[in-house]
Visitor: 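Structure provided below as structure tokens; questions to follow.
Keep in mind that what you see is a predicted model, and the values were worked out from it rather than measured. As a basis for the values below, the full set of heavy atoms in this structure was taken, side chains included, without hydrogen atoms, waters or symmetry mates. One-based numbering along the sequence shown.
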Amino acid sequence: MTDAPGPAPIRVLIADDQRVVREGLSMLVGLIDDVEVVGAACDGAEAVRLAHAYRPDVVLMDLRMPDLDGIAATGLLRERLPAARVLVLTTYADQDAIVPALRAGARGYLTKDASAEQIEAAIRAVHAGQTYLDPAVQERLVAAVIARPPSPDPAGPAGPGGQPPDGLTTREAEVLALLAAGLSNAEIAQRLYLSHATVKTHINRIFAKTGARDRAQAVRYAYQHGLTTPAE
């Protein structure tokens, strides 16, 4: 009498634009019992192609990659291969990375300082249909919810009609409102849990979309369009 076959291994695809990271993760994940690394991709587009070819159960996905980033790749996988569950493994733990990744369909989110035990636990949880978030990521999400004050205007920073004017995104409207309230870039970054570089990028885009040449003109624009919010 032969023993019954065990469960099929969890098939994992790794996507990261750094070769040393791909190779290191392949070795680490390959040592986990009942887990098999089926491929490694250098960007989001290759991750989608290899996922179609190898049908992984879990895709260990970096976010900042050339050509097609991890968030866009996650969205495509959710549409085309919903059985392939995405587990983000990235350096970035700011709200501008976490929220879009989860909205795109990621089932888990780890930072690259995660231990081997955390990576294994996350792979198994995501494969089982559960959600797995790094404790630091959970803290950022909770802090963001607690720190955001309710808007006195039901329409919020979007103003009348619910949409910001001149193609501003909701995040850009929030940044502009805080800028108009007199906050510095560093204070805006702290308030919205963003990096200083991300705040600077948002402000440059605000200037381009509103035609403002400096902060004073941006403040005037904010008041003209009802995008101001009281400073705390």
Visitor: What's the spacing between R191 CZ and E174 CD if we round to 0.5 Å?
Guide: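 Those atoms lie 11.0 Å apart.
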Visitor: What is the distance from atom CG of D16 to atom CG of D43, rounded to the nearest 0.5 Å?
Guide: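 It is 11.0 Å, given to the nearest 0.5 Å.
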Visitor: Can you name the closest pair of heavy atoms from A116 and L28 and give their distance?
Guide: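 That would be CB-CD1, 4.0 Å.
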Visitor: Does A47 have any side chain to side chain contact (heavy atoms under 4.5 Å, CB included) partners at least two apart in sequence or in another chain, and if so, which?
Guide: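 Side chain to side chain contact (heavy atoms under 4.5 Å, CB included) check on A47 returns A15, A41, M61.
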Visitor: For Q190, I'd like to know if atom CD has over 12 heavy atoms of other residues, nucleotides or ligands within 6.0 Å.
Guide: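 No, because the 6.0 Å sphere around CD of Q190 holds 12 heavy atoms or fewer from other groups.
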Visitor: According to side chain to side chain contact (heavy atoms under 4.5 Å, CB included), who are the partners of L81, at least two apart in sequence or on a separate chain?
Guide: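 Residues passing side chain to side chain contact (heavy atoms under 4.5 Å, CB included) with L81: A51, H52, R55, L77, A84.
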Visitor: Is any side-chain heavy atom of L13 less than 4.5 Å from a side-chain heavy atom of L60?
Guide: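 Not touching, per the 4.5 Å side-chain cut-off.
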Visitor: For T91 and T111, run side chain to side chain contact (heavy atoms under 4.5 Å, CB included): C-alpha distance rounded to whole Å, both residues' side-chain angles, the deciding distance at 0.1 Å, then the answer.
Guide: CA-CA 5 Å; T91 304; T111 57; over 6 Å; no
Visitor: Sorted by first residue and then second, give each side-chain hydrogen bond (donor to acceptor under 3.5 Å, both in side chains) pair with at least one member in residues 199-210; sequence neighbours left out.
Guide: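 Every side-chain hydrogen bond (donor to acceptor under 3.5 Å, both in side chains) pair that includes a residue of residues 199-210, provided the two are not neighbours, is D96-H202, E172-K209.
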Visitor: Is the shortest heavy-atom distance from the side chain of L179 to the side chain of N185 under 4.5 Å?
Guide: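 Side-chain contact under 4.5 Å: no.
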Visitor: For the CG atom of L87 and the CG atom of L110, what is their distance to the nearest 0.5 Å?
Guide: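 So the gap between those two atoms works out to 5.0 Å.
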Visitor: Measure across P56 and V38 and return the closest heavy-atom pair with its distance rounded to 0.1 Å.
Guide: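 So the two residues come closest at CB-CG2, 4.2 Å.
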Visitor: Have a look at I98 and tell me which of Y193, Y109, Y92 forms a side-chain contact (heavy atoms from CB on, under 4.5 Å) with it.
Guide: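 So, applying the side-chain contact (heavy atoms from CB on, under 4.5 Å) to I98 and each of Y193, Y109, Y92, only Y109 qualifies.
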Visitor: So L168 and L227, do their side chains get closer than 4.5 Å, heavy atoms only?
Guide: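 Yes - at least one pair of side-chain heavy atoms lies under 4.5 Å apart.
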Visitor: Roughly how far apart are L89 CG and L63 CG, rounded to 0.5 Å?
Guide: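 The CG atom of L89 sits 9.0 Å away from the CG atom of L63.
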Visitor: Which residue pairs satisfy the salt bridge (charged side-chain N to carboxylate O under 4.0 Å, His left out) criterion with at least one member in residues 122-135, sequence neighbours excluded?
Guide: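 Qualifying pairs: E120-R124.
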Visitor: Taking side chain to side chain contact (heavy atoms under 4.5 Å, CB included) as the definition, give me every residue that meets it alongside R49, ordered by chain and number, with sequence neighbours left out.
Guide: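 By the side chain to side chain contact (heavy atoms under 4.5 Å, CB included) rule, R49 matches A45, E46.
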Visitor: Who pairs with E187 by side chain to side chain contact (heavy atoms under 4.5 Å, CB included), at least two apart in sequence or on another chain?
Guide: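 Checked E187 against side chain to side chain contact (heavy atoms under 4.5 Å, CB included); matches are L183, S184.
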Visitor: State plainly whether one hydrophobic cluster holds both I10 and L31, where clusters connect Ile, Leu, Val, Met, Phe, Trp and Tyr through side-chain heavy atoms under 4.5 angstrom apart.
Guide: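 Different clusters: I10 never reaches L31 through Ile, Leu, Val, Met, Phe, Trp or Tyr contacts under 4.5 Å.
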Visitor: Would you give the length of the straight line joining atom CZ of R215 to atom CZ of R220, rounded to the nearest 0.5 angstrom?
Guide: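 These two atoms lie 16.0 Å from each other.
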Visitor: Please tell me if the side chains of R171 and V175 come closer than 4.5 Å, counting only heavy atoms from C-beta onward.
Guide: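 Yes, side chains in contact.
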Visitor: Can you list everything that forms a side-chain hydrogen bond (donor to acceptor under 3.5 Å, both in side chains) with S195? Sequence neighbours excluded, please.
Guide: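 T198.
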Visitor: If you group Ile, Leu, Val, Met, Phe, Trp and Tyr by side-chain heavy-atom gaps below 4.5 Å, do I123 and V88 land in one group?
Guide: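 No; V88 is not reachable from I123 via cluster members.
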Visitor: Among residues at least two apart in sequence or on other chains, which ones pass ring-ring contact (aromatic ring centres under 6.0 Å, His included) with F207?
Guide: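 Counting only residues at least two positions away or on another chain, F207 forms no ring-ring contact (aromatic ring centres under 6.0 Å, His included).
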Visitor: As an exercise, state the distance from CD1 of I206 to CG of D166, rounded to the nearest 0.5 Å.
Guide: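 One finds 12.0 Å between CD1 of I206 and CG of D166.
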Visitor: Starting from the C-alpha separation in whole Å, work towards a yes-or-no answer on side chain to side chain contact (heavy atoms under 4.5 Å, CB included) for L102 and T131.
Guide: CA-CA 10 Å; L102 296 178; T131 298; 5.8 Å; no
Visitor: Does any pair with a residue in residues 74-91 pass salt bridge (charged side-chain N to carboxylate O under 4.0 Å, His left out), and if so which ones, sequence neighbours excluded?
Guide: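 Found none.
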Visitor: State, with a plain yes or no, whether a side-chain heavy atom of R107 is found less than 4.5 Å away from one of V58.
Guide: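 Contact flag for R107/V58 side chains = no.
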Visitor: Please report the closest heavy-atom contact between A222 and L176, naming both atoms and the distance.
Guide: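 For A222 versus L176, the nearest heavy atoms are CB-CG, 3.8 Å.
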Visitor: Please list, chain by chain and in numerical order, all residues satisfying side-chain hydrogen bond (donor to acceptor under 3.5 Å, both in side chains) with Y132, sequence neighbours excluded.
Guide: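 side-chain hydrogen bond (donor to acceptor under 3.5 Å, both in side chains) list for Y132, sorted by chain: empty.
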Visitor: Are V126 and V86 in one and the same hydrophobic cluster, where Ile, Leu, Val, Met, Phe, Trp and Tyr link if side-chain heavy atoms are under 4.5 Å apart?
Guide: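 No; V86 is not reachable from V126 via cluster members.
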Visitor: Per the side-chain hydrogen bond (donor to acceptor under 3.5 Å, both in side chains) rule, what does the pair list look like for residues 18-28, sequence neighbours excluded?
Guide: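 Output for this query lists R19-E23.
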Visitor: Is there a donor-acceptor contact under 3.5 Å from the side chain of E36 to the main chain of P9?
Guide: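 Checked: no pair found.
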Visitor: Please answer: with hydrophobic residues joined when any side-chain heavy atoms are less than 4.5 Å apart, are V29 and L50 in the same cluster?
Guide: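 No: no chain of side-chain contacts under 4.5 Å links V29 to L50.
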Visitor: Is there a path from V20 to M27 through hydrophobic residues (I, L, V, M, F, W, Y) whose side chains come within less than 4.5 Å of each other?
Guide: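 No, separate clusters.
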Visitor: Determine the minimum heavy-atom distance between A104 and I71, stating which atoms define it.
Guide: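 Distance-wise, the nearest heavy atoms are CB-O, 3.6 Å.
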Visitor: Side chains of P66 and D17: closer than 4.5 Å at any heavy-atom pair?
Guide: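 Contact flag for P66/D17 side chains = yes.
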Visitor: Any donor and acceptor pair, going by atom type alone, linking the side chain of R11 with main-chain N or O of Y54 inside 3.5 Å?
Guide: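 The answer is yes, because a donor-acceptor pair under 3.5 Å joins these two groups.
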Visitor: Hey, could you give me each pair passing salt bridge (charged side-chain N to carboxylate O under 4.0 Å, His left out) that has a residue in residues 57-72? Not counting sequence neighbours.
Guide: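 For residues 57-72: D62-K112.
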